[in-house]
**Student:** 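Below is a structure I'd like to ask you about.
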Amino acid sequence: MVATLLSNTPTLLGSRPVAGRAQPRQVAGRKALVVRAGPYDEELIQTANKVASKGHGILAMDESNATCGKRLDSIGLENTEQNRRTYRELLVSAPGLGEFISGAILFEETLFQSAEDGTKFVDVLNKQGIVPGIKVDKGLVPMPNSNGESWCQGLDGLAQRTAEYYKAGARFAKWRSVVSIPAGPSPMALQDCAYGLARYAAISQASGLVPIVEPEVLLDGEHDIDRTFEVAQEVWAQTFKYLADQKVLFEGILLKPSMVTPGADCSKRESPEVVADYTLKLLKRRVPPAVPGIMFLSGGQSELEATLNLNAMNQSPNPWHVSFSYARALQNSVLKTWQGEKKNEKAAQEALLKRAQANSKAQMGQYDPSMESEGAGEKLYEKGYKY
Amino acid sequence: MPCQHFRGEMLNAASEERAQSLMRLHPYPWPAFVNKLTLYSPLQPYHFLSSAHSVSWFYSVPCSLLCDLAEISLFLVELPSSSCKMSCFKGKYHDELIANAAYIATPGKGILAADESTGTIGKRLASINVENVESNRRALRELLFTTPGALPLISGVILFEETLFQKSSNGTLFVDMLKAAGVLPGIKVDKGTVDLPGTNSETTTQGLDSLAQRCQQYYAAGARFAKWRAVLKIGPNEPSELAIHENAHGLARYAVICQENGLVPIVEPEILVDGPHSIDTCADVTERVIAACYKALNDHHVLLEGTLLKPNMVTPGSDAPKVSPDVIAEYTVRALRRTVPPAVPGIMFLSGGQSEEEATLNLNAMNKLKVLKPWTLSFSFGRALQASTLKTWAGKADNVAKAQAAFLSRCKANSAATLGAYKGDAPTVAGASESLHVKDYKY
């Protein structure tokens with residue numbers, strides 16, 4: 001008997017009528033089509049839905065060592081493993097963080113680190129009700145023969161790495177590809193972006209990790225919001241086609257798009273309502289309803305902007321959970337408050353909770369900007385930002 | 001006022017206040033809303049631009065479908081702003097396409113596919129021993145269009161070219177008859193399928209040559225939507241990548257040409273039911289095909305909000321054991337949730353050889369599923385609306401009333417099915433449960 005495939009709690013593919021994995025049939029030397037079946041399907045759907053739960057979003061804290069170094073440097077701290085560990089411990093042990101944060105993306109180093117008292121960070125997060133995630137790409141490198149564009153590497157050995165990360169407690173993964181509007185984008189860069197994401201997604205799912213699919217349309221440029229909209233539509237069309245070709249299970253992925261905004265250097269700015277309008281239109285044209293959650297990146301918007309825009313997008317019901325996966329837009333005030341001083345830790349954690357709560361409210365469309373301080377409006381945009 | 005999208009919702013009296021307040025904001029002369037049926041023809045639209053630039057359409061749903069609801073229920077469609085400087089490419093018919101597509105996708109209504117080519121309709125007539133001449137073809141269509149009570153349940157009728165220019169027996173153009181009843185005329189624009197060399201009898205659909213001019217003529221004659229049938233089949237090595245790609249791109253080219261000329265394109269990638277394959281295989285193929293279609297539509301800058309999808313339901317092959325409507329519903333809705341963006345207003349299923357009753361039960365089961373479906377799920381049935389009507393008519397004037405009763409019965413059943421409200425109690429007419437499957441069906 002076929003179990004209910006579409007109950008609210010996902011048991012979508014739990015009892016598949018095809019026993020075990022479907023086998024390809026050999027017909028006269030040509031392979032017949034394979035019906036997709038994966039060992040982690042049910043768990044993937046559960047994890048994706050847990051991360052995409054109401055009033056919750058993702059804390060992105062997966063800065064590479066070099067990038068984390070820049071953060072520490074900005075408050076006069078040396079870029080040592082200990083300092084990175086201390087900073088991450090501050091974040092993950094903020095009391096009650098799980099009320100607003102459903103997932104935390106870690107860098108590889110952090111996945112295997114522990115708190116001062118010896119508890120593994122993975123366990124600290126799980127106790128908070130926060131799903132641990134892991135950045136699995138190996139960074140952007142220049143793409144030959146392109147318009148100065150980059151491609152994202154990391155497919156080699158990915159199956160093995162993701163299996164190890166799963167064993168260490170990670171349950172979702174993240175891979176960040178970028179697309180540049182001033183550079184075109186060129187068709188080859190666009191295709192590679194989509195292809196890399198699709199392959200990474202299929203491999204991650206085979207290892208039990210929910211892939212966050214992130215083709216970031218960079219903010220850099222003087223282009224207006226219409227141009228961003230055009231490019232974003234193409235990027236997502238390409239991405240979904242490649243995901244479908246790779247037989248990725250859509251009920252077990254999350255998206256991490258950039259919002260549709262004017263370029264950073266465009267003189268014509270747009271209100272949150274207009275940004276929300278364009279962004280929702282994009283999503284409705286490109287995202288199948290099977291995808292459970294869309295977790296926006298902040299990409300250099302100020303903490304305040306990022307929250308306002310998210311709030312504007314949640315003023316009426318959407319076919320998918322529309323939320324946040326913020327790094328800078330959650331951490332900026334935290335860093336500024338902490339300054340590397342132990343005595344500031346509590347206040348820094350409070351700053352984190354404050355931003356997390358603001359974004360949680362924005363996810364539910366209930367955000368009230370009058371409760372904000374000045375620092376929240378600080379510009380976080382960096383030209384040519386290297387993550 | 002942010003852009004709200006209420007399409008597909010049955011609003012109760014509490015929301016009538018909202019409807020009333022919206023009406024008060026606008027200077028248009030609104031008719032009074034009372035507890036009776038009124039159909040607002042989309043061809044004389046009650047639309048207006050509010051200060052927030054939203055375009056709204058109001059319809060009332062026949063009370064007979066609302067069962068026990070005592071209040072007035074309104075089906076309120078508030079469309080996204082068209083004055084936003086949205087999307088760099090915006091065709092001339094942008095707003096009209098969106099409005100017409102949304103209208104066709106009105107819950108409680110569906111499409112009557114009456115676009116059988118002369119050859120195909122000949123086969124139908126032959127099956128009831130009626131000669132295939134123009135007067136008989138006209139008589140059949142007239143029988144359908146003049147059925148009392150049927151047209152309010154139909155949002156669009158797909159016509160063959162001959163019918164688009166035909167008149168009824170009292171001299172009224174069929175197109176005008178439909179328009180007066182608030183039904184949008186549609187037109188089949190493809191020119192049939194041809195084999196793809198090097199494949200195992202896979203096909204592509206032809207008809208792109210001079211399509212733009214033909215669309216203009218059809219629009220002038222009153223058509224407001226079009227249909228193009230792409231056909232794929234399931235076999236050991238089918239559908240091939242070539243067949244999928246070729247048909248998807250044909251559909252995309254057809255769609256954008258239609259939109260440029262004011263016709264809402266129905267995108268129909270039919271995967272034939274022929275074969276011994278399981279429902280899993282059908283699901284996999286359907287997902288692949290529809291994904292390819294939307295990629296092609298995206299590439300060709302088709303305005304998704306101004307299109308409709310006409311897919312097959314996901315079922316086991318015709319030579320495989322049958323499954324229940326609930327299973328078909330789950331597989332079908334799952335496949336669509338994975339592939340059809342919410343911007344598409346309506347999914348109008350083809351019946352593809354299912355019996356009249358089967359098709360209705362399956363559609364009903366889909367609409368009862370408690371999962372988010374951001375598009376209307378409705379019907380675009382040919383055989384599954386006309387089969388028992390045809391049998392009952394048998395070409396005799398004496399049988400017209402009974403035949404019309406049979407037709408109305410199927411219309412009512414399917415209309416209820418779009419609301420998940422069909423109780424399986426349509427009066428049994430001879431042939432309603434008969435399979436209409438014809439192997440390797442050529443339309």
Side-chain angles (χ1 to χ4, degrees), chain A residues 1-8 12-13 16-18 22 25 27-28 30-37 224-227 229-230 233-234 236-238 240-245 247 249-251 273-274 276-278 280-291 312 315-320, chain B residues 2-6 52 80-81 84-89 234-239 241 277-281 283-285 287-288 290-292 294-299 301 303-305 323-324 326-327 329-331 333-344 369-375:
Chain A
M1 187 199 113
V2 177
T4 309
L5 297 172
L6 292 168
S7 45
N8 276 334
L12 184 63
L13 297 165
R16 299 176 65 76
V18 176
R25 285 170 292 151
V27 177
R30 284 199 275 181
K31 277 200 159 42
L33 65 89
V34 174
V35 177
R36 189 196 176 284
D224 63 12
I225 195 172
D226 279 309
R227 180 75 188 124
F229 186 55
E230 247 185 351
Q233 285 184 95
E234 225 195 307
W236 281 106
Q238 195 90 291
F240 273 108
K241 179 58 169 60
Y242 278 76
L243 287 170
D245 286 346
K247 296 185 188 281
L249 175 69
F250 285 177
E251 290 88 345
E273 284 70 37
V274 172
D277 228 1
Y278 271 81
L280 285 176
K281 185 151 224 172
L282 163 76
L283 297 176
K284 287 191 172 135
R285 286 183 180 182
R286 295 296 180 263
V287 183
V291 175
Q315 292 306 307
S316 51
N318 293 311
W320 348 251
Chain B
C3 295
Q4 301 274 0
H5 197 75
F6 292 114
S81 162
C84 287
K85 18 158 208 156
M86 196 70 73
S87 178
C88 315
F89 168 61
I234 298 179
N237 300 294
E238 289 83 24
E241 279 305 311
H277 54 269
S278 68
I279 193 171
D280 275 289
T281 302
D284 186 88
V285 171
E287 287 167 30
R288 275 197 297 143
I290 298 184
Y294 281 101
K295 177 62 165 64
L297 291 175
N298 297 339
D299 289 346
H301 308 297
L303 174 71
L304 293 187
E305 293 89 338
V323 299
S324 72
D326 286 338
V327 174
E330 291 192 8
Y331 271 88
V333 175
R334 183 182 78 180
L336 299 171
R337 276 170 52 83
R338 288 176 173 179
T339 52
V340 185
V344 176
L369 269 180
K370 294 209 183 315
V371 74
L372 184 116
K373 296 156 280 183
W375 355 253

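Every chain is numbered from 1 and lettered A, B, ... according to where its sequence line falls, protein lines coming before strand lines.
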**Student:** Heavy-atom distance under 4.5 Å between the side chains of B:Arg337 and A:Pro289, does that happen here?
**Tutor:** yes
**Student:** Check step by step if side-chain contact (heavy atoms from CB on, under 4.5 Å) holds for B:His301 and A:Gln233.
**Tutor:** CA-CA 10 Å; B:His301 308 297; A:Gln233 285 184 95; over 6 Å; no
**Student:** Using a 4.5 Å cut-off on heavy atoms from C-beta on, say whether the side chain of B:Glu305 contacts that of A:Lys284.
**Tutor:**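 The answer is no, as the side chains (C-beta and beyond) never meet within the 4.5 Å cut-off.
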**Student:** CD of B:Glu287: more than 12 outside heavy atoms within 6.0 angstrom?
**Tutor:** yes
**Student:** Please report the C-alpha distance between A:Arg285 and B:Leu303 in whole Å, then the side-chain angles of each, then the deciding distance to 0.1 Å, and finally whether the side-chain contact (heavy atoms from CB on, under 4.5 Å) criterion is met.
**Tutor:** CA-CA 9 Å; A:Arg285 286 183 180 182; B:Leu303 174 71; 3.4 Å; yes
**Student:** Please lay out, stage by stage, how B:Asn298 and A:Gln238 fare under the test side-chain contact (heavy atoms from CB on, under 4.5 Å).
**Tutor:** CA-CA 9 Å; B:Asn298 297 339; A:Gln238 195 90 291; over 6 Å; no
**Student:** Do A:Pro288 and B:Thr339 have side-chain heavy atoms sitting under 4.5 Å apart?
**Tutor:**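 No, too far: nothing below the 4.5 Å cut-off.
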**Student:** In sequence, state the C-alpha distance, the side-chain angles, and the governing distance for A:Leu249 and B:Arg338, and then conclude on side-chain contact (heavy atoms from CB on, under 4.5 Å).
**Tutor:** CA-CA 9 Å; A:Leu249 175 69; B:Arg338 288 176 173 179; 3.2 Å; yes
**Student:** Sort A:Ala237 into side chain, backbone, both or neither according to what part of it lies under 4.5 angstrom from a heavy atom of chain B.
**Tutor:** both
**Student:** Flag the pair A:Asp245 and B:Arg288 as a salt bridge only when some basic side-chain nitrogen lies within less than 4.0 angstrom of an acidic carboxylate oxygen.
**Tutor:** no
**Student:** Is the closest side-chain heavy-atom distance between B:Pro342 and A:Trp320 below 4.5 Å?
**Tutor:** yes
**Student:** Between B:Ala292 and chain A, with a heavy-atom cut-off of 4.5 Å, which part of the residue counts as in contact: side chain, backbone, both or neither?
**Tutor:**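 Looking at B:Ala292, backbone and side chain both touch chain A.
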